[in-house]
Amino acid sequence: AFLCASATTGAAIAVVGRPASRDGSWIAVAGAAAGGSLGLSVAAGFALLHGSTLSGMFGRLALLPLDRLGTFVFLFPDVAPAQLALALASLALAAAVTLLPRFAKRDLVLTSAKAAFALYCIVVGLVEGAPPAVLPGFALGWVIPWAWLCVAGADPIRSSGRRQLLALVAAWLPLIAFPVAGSQIALGSFLTIAAGVVCGVDVVRALATAQAARAAAPDTRRRTRRAVEWSGLVLALLALQQVNACGKHAERRFQAGEPLALPGAETLRLPAARAAIYRAVAEEARAADVLFGATGFNSLYFWSGTPMAAPVIVSHELRAVAASDRRRIMEGLCQGERPRVVLAKPLFQPALPDVDLVRWIEAHFEPYATFGGFRMARPRGDTRLGPDACPPPATGRD
């Protein structure tokens, strides 16, 4: 459903930006595309020089997310029919202001829409906690379809190409929130704020132009210009005040925390109770000679110094781990003299998923210690896993 909303936004941008297609603005778009391609090539080259492969990068960046279609989705609000209807209304307005340039109140309607769009973006930028609390439920579903507003009315020679690029990226970037809707929500939404800032500048210019047209006296025009300048200064000071407030809040939380004092996390400060839990889990994990964190507790390998059961990075979802990698984890635990598994409720799921690795752990391991929400498990009978517990050798391709 949200893909339909983004597609509608893209159509609106194409409609609004159509008159600018006769000038050389495509050069700016082509230049931006070339710059992006160069940056991508440099990043890929750096990864290749440090041991990555093209197939590995494609698998992790393109194929792996497709295995997570059932994960994190609930964090992203469903796009209601009303939101799709609003996106269609946005497309209709874009067509009206472009194809019917002389309809009554055109400039007033366009400026009012830009003002509302900019006002929301200002609120998001100034209200503490607004991006995680407001953007997922509001901006992605209701505001992004209006990103085309930053293109409408732009100078067709000086800035239209750049504005079209901004609007297009702002419309399609939120799709990175699927299916892993964590920090990707904020990353996929921030360009909407940039589009709103552009609309705010347009509104200020429109108001200043309208006021100057009504005021013939030079003194009146000068006062109007100063009022606009002071308004911008006030908004800048409000933004700085918010940055300062957020910084002080972070400093208070940092000072109230207790140093974690674990390898690689010496400067990390957490609430005392949470830090004590992590230290206790790390201390218990040091008694093992091979370790596996079933919920992607990858920091524990560094904190305890205990080797991984297999060189497989597990995130929050075991179903996204390939069957061959799950087998390697089982084989690694079988080879250990004192294997240990850390069990905990997954971050975004009610329980561990029903996959072969989880069933194998539940059959051959038993919890023996609990630290907060973490359970330490060892082989049943506290002995090394026998040959009958280990998976049979792999045959063929997984």
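What you are looking at is a predicted structure, and each value in this text was computed from that prediction instead of being measured.
For the atom pair CH2 of W360 and CG of L385, the computed distance is 5.0 Å after rounding to the nearest 0.5 Å. One distance of note links CG of L48 with CG of L54; it measures 5.0 Å at 0.5 Å rounding. Remark: F117 CZ to L149 CG distance equals 6.5 Å, nearest 0.5 Å. Remark: R327 CZ to M330 CE distance equals 6.0 Å, nearest 0.5 Å. Between the CH2 atom in W146 and the CG atom in L93 there is a gap of 5.5 Å [rounded to 0.5 Å]. Rounding to the nearest 0.5 Å places CZ of F292 at 5.0 Å from CG of L357.
Across every non-hydrogen atom of P145 and S90, the tightest pair is O-OG, 2.8 Å. Minimum interatomic distance between G373 and A344 (heavy atoms only, all atoms of both residues): O-CB, 3.5 Å. Across every non-hydrogen atom of A167 and A147, the tightest pair is CB-O, 3.7 Å. Looking at every heavy atom in both residues, G336 comes nearest to P339 through O-CD, 3.6 Å. The minimum heavy-atom distance linking A282 with L262 is given by the pair CB-CD2, 4.1 Å. Of all heavy-atom pairs spanning P379 and R340, the tightest one is CD-NH1, 4.0 Å.
The aromatic rings of W303 and F297 stand perpendicular to each other, their planes meeting at an angle above 60°, with 30° marking the opposite boundary.
Note on V203 and L108: separate hydrophobic clusters, where clusters join Ile, Leu, Val, Met, Phe, Trp and Tyr whose side-chain heavy atoms are under 4.5 Å apart, directly or indirectly. L88 and V109 are not part of a single hydrophobic cluster, where members link through side-chain heavy atoms under 4.5 Å apart. No chain of hydrophobic side-chain contacts below 4.5 Å, direct or via other Ile, Leu, Val, Met, Phe, Trp or Tyr residues, connects L260 to F254. In the hydrophobic clustering of ILVMFWY residues, with side-chain heavy atoms under 4.5 Å counting as a link, I313 and V290 come out together. Transitive grouping of hydrophobic side chains (ILVMFWY, heavy atoms separated by less than 4.5 Å) keeps L119 and V201 in distinct clusters.
Between D325 and R328 there is a salt bridge, since a side-chain N of the basic residue sits under 4.0 Å from a carboxylate O of the acidic one. Salt bridge R286/E283: present, at least one basic N to carboxylate O contact under 4.0 Å.
The number of heavy atoms from other shown groups lying within 6.0 Å of CZ (F302) does not exceed 12.
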Checklist entry - side chain to side chain contact (heavy atoms under 4.5 Å, CB included) between M376 and V342: does it pass, once the steps are laid out? => result CA-CA 5 Å; M376 298 293 299; V342 181; 3.7 Å; yes

Checklist entry - L168 and L165: side chain to side chain contact (heavy atoms under 4.5 Å, CB included), yes or no, with the steps? => result CA-CA 5 Å; L168 284 171; L165 182 63; 5.5 Å; no

Checklist entry - Would E258 and R279 satisfy side chain to side chain contact (heavy atoms under 4.5 Å, CB included), going step by step from the backbone distance to the final call? => result CA-CA 12 Å; E258 177 180 302; R279 286 195 292 266; 2.4 Å; yes

Item to check | Derivation and outcome, side chain to side chain contact (heavy atoms under 4.5 Å, CB included), residues R274 and I277 | outcome: CA-CA 5 Å; R274 195 66 180 173; I277 291 173; 4.3 Å; yes

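The backbone N or O of V314 lies less than 3.5 Å from a partner atom in the side chain of N298, making a donor-acceptor pair. Formation of a donor-acceptor pair under 3.5 Å by the D289 side chain with backbone atoms of R338 is found in this model. In this structure a side-chain-to-backbone donor-acceptor pair under 3.5 Å is missing from Q255 to R253. Checked by atom type and distance alone, the side chain of R380 pairs as donor or acceptor with a backbone atom of F365 at under 3.5 Å.
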